[in-house]
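Here the structure is a predicted model, which is why all the values come from computation and not from measurement.
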Amino acid sequence: MTIQVLIADDHHVVRRGLVFFLQTQKDIQIVGEAKNGKEAVALTVELKPDVVLMDLVMPVMDGIDATIQIKRIRPETEILILTSFADQDHVIPAIEAGASGYQLKDIEPDALVHSIRKLMDGENTLHPKATNLLMNQMNQANHVNNLISGLTIREKQVLKEIAKGKSNKEIGAYLNITEKTVKTHVSNIFIKLNVADRTQAALYAVKYGFAKP
């Protein structure tokens, strides 16, 4: 099977280098090149590649937004991020956007080809730094879930109302409990979540998806 690849990178030299090497692979065909995310989306719709090698930092539209649009329009196309960035602000959004692979530009050519082939076999291909960041995020999420699970049902209800910006009096009226009882629940929430005030508690709840503001 021939793997049809689209290259999206704003640096001409990078694109040329990738084309030059990948064309030496019998099972890989370069079907197009894009110099920004907007072009990548349009060419994906037109050319229907199997894999898009996607840079993250590009003009007009970055790689994250392009990945989101491509996965929405053509979910069967695999996105392999190829970038110079391996920090949390780039890795996590890229994976959340729908990328199945994340590699750095210093990757060995043969390893890049191997990553492309693995994507076509249904395997995610992540640089070790990206894997570590994802693992750290999962551990953090598990820690957060453990803290949230330590709240009583009533405390969870109170926390959700705190996240909506309600006062103790308003929460008491909504939950049909006294304001004094609400204060007790709020104090317990602060202790269990290790936060200093209701603003931090609200931000905590919203940040980790437990409540909406």
[X] versus [Y]: any side-chain heavy-atom pair under 4.5 Å?
X: D9; Y: K105; result: yes
X: V52; Y: T77; result: yes
X: L159; Y: L193; result: yes
X: L18; Y: L112; result: yes
X: V158; Y: Y174; result: no
X: L82; Y: Q103; result: yes
X: V113; Y: I28; result: yes
X: M1; Y: D50; result: no

Non-hydrogen atoms of [X] and [Y] that approach each other most closely:
X: E170; Y: G165; value: OE1-O, 4.3 Å
X: A97; Y: I68; value: CB-CG1, 3.5 Å
X: K192; Y: E155; value: NZ-OE1, 2.9 Å
X: F190; Y: A201; value: CE2-CB, 4.0 Å
X: P59; Y: N36; value: O-CB, 3.0 Å
X: V41; Y: M61; value: CG2-SD, 4.1 Å

* To do: Say whether Q157 and R154, considering side chains only, have a donor N or O and an acceptor N or O under 3.5 Å apart.
  => yes
* Are K71 and I79 close enough, and set up right, to give a side-chain contact (heavy atoms from CB on, under 4.5 Å), and what steps lead you there? -> CA-CA 8 Å; K71 296 305 289 186; I79 308 294; 3.9 Å; yes
Do you reckon [X] sits in the same ILVMFWY cluster as [Y], going by side-chain contacts under 4.5 Å, direct or chained?
X: V14; Y: V57; result: no
X: L80; Y: V31; result: no
X: F21; Y: I107; result: yes
X: I81; Y: L119; result: no
X: I70; Y: V45; result: yes

* Asked: Taking NZ, NE, NH1 and NH2 as the nitrogens, is one of them in K35 or E33 under 4.0 Å from a carboxylate oxygen of the other?
  -> no
Value rounded to 0.5 Å, distance of [atom1] in [X] from [atom2] in [Y]:
X: I64; Y: Q69; atom1: CD1; atom2: CD; answer: 12.5 Å
X: I3; Y: K26; atom1: CD1; atom2: NZ; answer: 15.0 Å
X: L53; Y: R15; atom1: CG; atom2: CZ; answer: 12.5 Å
X: T44; Y: E46; atom1: OG1; atom2: CD; answer: 10.0 Å
X: D10; Y: L56; atom1: CG; atom2: CG; answer: 11.0 Å
X: E161; Y: N168; atom1: CD; atom2: CG; answer: 11.5 Å

* Check: R198 side chain, S167 main-chain N or O, donor-acceptor pair, under 3.5 Å ->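 It does not hold such a pair.
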* Does K180 offer a backbone N or O that forms a donor-acceptor pair with the side chain of T184 under 3.5 Å? ->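 Confirmed, T184 side chain pairs with K180 backbone.
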* Assess whether side-chain contact (heavy atoms from CB on, under 4.5 Å) is satisfied between D55 and T83, documenting all intermediate values. => CA-CA 5 Å; D55 190 17; T83 182; 4.0 Å; yes
* Flag yes if more than 12 heavy atoms outside E76 fall under 6.0 Å of its CD atom; otherwise flag no. =>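 Atom CD in E76 is packed in, count exceeds 12.
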* Is it the case that more than 12 heavy atoms not belonging to D197 sit under 6.0 Å from its CG atom? -> yes
